[in-house]
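Everything below concerns the one structure shown next.
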Amino acid sequence: MSERTTESEITFSRPFALSALVVPLDAGTYRVIVDEELIEGLSFPAYRRTATHIEIPALGVSIGTRQLLQVHPQDLESAIKKDAEDKE
């Protein structure tokens with residue numbers, strides 16, 4: 001089975017919350033990593049998302065240390081949408 005990983009960056013202008021965390025995250029730029037697998041048996045290439053992660057500073061660890069937090073894609077999209085609405 002073929003898999004692929006894509007990375008992008010998202011910038012939040014205000015602190016934001018995700019259901020996977022107890023406390024909100026600070027405003028800033030975060031790396032988002034999406035893992036997908038190839039859907040086999042089709043006559044064209046199509047991929048299905050298998051995981052979405054956001055890279056965040058590790059809680060309770062010195063600056064410079066990062067950790068990946070698996071998030072629900074809709075939860076992340078909601079946070080992005082709310083941040084955009086707050087700018088208006």
For Glu55, salt bridge (charged side-chain N to carboxylate O under 4.0 Å, His left out) partners two or more places apart = Arg31, Arg66

Side-chain touch [X]/[Y], heavy atoms, less than 4.5 angstrom:
| X | Y | answer |
| --- | --- | --- |
| Ile56 | Gln67 | yes |
| Leu76 | Ile10 | yes |
| Arg49 | Pro73 | yes |

So which heavy atom on Ala79 is nearest to which on Ala17, and how close?
-> CB-O, 4.1 Å

Minimal non-hydrogen separation, Thr50 against Gln70, with atom names = O-NE2, 4.4 Å

hydrophobic_cluster_shared for Phe44 and Ile39, side chain cutoff 4.5 Å | yes

Can you measure from CG (Leu38) to CZ (Arg48) and round to the nearest 0.5 angstrom?
-> 9.0 Å

Supply the atom-to-atom distance Leu68 CG to Thr52 OG1, rounded to the nearest 0.5 angstrom.
-> 11.5 Å

With sequence neighbours excluded, what pairs up with Phe16 under the ring pair (Phe, Tyr, Trp, His ring centres under 6.0 Å) test?
-> Phe12, Tyr30

Say whether Ser13 and Asp83, considering side chains only, have a donor N or O and an acceptor N or O under 3.5 Å apart.
-> yes

With His53 as partner, the option from Leu69, Asp35, Val71 fulfilling side-chain contact (heavy atoms from CB on, under 4.5 Å) is Asp35

